[in-house]
Amino acid sequence: MQQNPKLTKLLVKRLLKKHGVDQVEVTLTEEERKELREVIEDIQGKVEQFLQEFQTDQNKDVKKKEEKN
């Protein structure tokens, strides 16, 4: 599953604005960037796993309905 870069940019921009963070003020060290990237990749993996499990559950439900008919 690919991310929509425009949506991601919009959400991050709104989140930063909500918490009073100005883009000019934000500077991350390489270590912070690495950690942030790892967190995002972990969350992305969990979301993909959830979606796969959801799809599997949906397929099972469809098969059960077909068996009843």
Side-chain angles (χ1 to χ4, degrees):
M1 184 170 91
Q2 293 293 325
Q3 292 178 322
N4 183 330
K6 289 182 181 181
L7 178 59
T8 302
K9 186 176 180 178
L10 173 67
L11 293 174
V12 169
K13 187 176 178 181
R14 301 261 317 168
L15 180 66
L16 292 174
K17 183 178 178 181
K18 175 181 176 183
H19 292 284
V21 178
D22 185 11
Q23 286 184 347
V24 177
E25 297 175 12
V26 178
T27 55
L28 298 174
T29 65
E30 283 301 316
E31 183 65 27
E32 290 171 326
R33 288 175 192 235
K34 181 181 175 187
E35 289 177 11
L36 184 57
R37 190 172 290 118
E38 288 173 359
V39 168
I40 291 170
E41 289 172 355
D42 181 52
I43 292 171
Q44 183 178 5
K46 289 178 181 180
V47 168
E48 289 174 359
Q49 181 182 359
F50 171 79
L51 292 173
Q52 288 174 350
E53 291 173 3
F54 180 77
Q55 184 65 37
T56 301
D57 289 345
Q58 291 289 337
N59 290 341
K60 287 179 183 177
D61 289 345
V62 168
K63 287 181 182 180
K64 286 180 182 178
K65 287 180 182 179
E66 289 174 354
E67 290 174 359
K68 288 182 180 180
N69 293 333

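Worth knowing before you read on, the calculation uses all heavy atoms, side chains too, and leaves out hydrogens, waters and symmetry mates.
With R14 as reference, L10 is the one residue of V12, L11, L10 to meet the side-chain contact (heavy atoms from CB on, under 4.5 Å) rule.
Residues that satisfy the salt bridge (Lys or Arg N to Asp or Glu O under 4.0 Å) test with D42, not counting sequence neighbours, are K46. With sequence neighbours left out, E41 forms a side chain to side chain donor-acceptor pair (under 3.5 Å) with no residue at all. Considering only residues two or more places apart in sequence or on other chains, L36 meets the side-chain contact (heavy atoms from CB on, under 4.5 Å) condition with L28, I40. A search for side chain to side chain donor-acceptor pair (under 3.5 Å) contacts involving Q49 returns E53, not counting sequence neighbours. Evaluation of the side chain to side chain donor-acceptor pair (under 3.5 Å) rule for D57 yields no partner, not counting sequence neighbours. Residues that satisfy the side-chain contact (heavy atoms from CB on, under 4.5 Å) test with L15, not counting sequence neighbours, are H19.
Cluster note: F54 groups with no other residue, as no ILVMFWY side-chain heavy atom lies under 4.5 Å from it.
Listed by first and then second residue, the salt bridge (Lys or Arg N to Asp or Glu O under 4.0 Å) pairs that reach into residues 29-39 come to none, sequence neighbours excluded.
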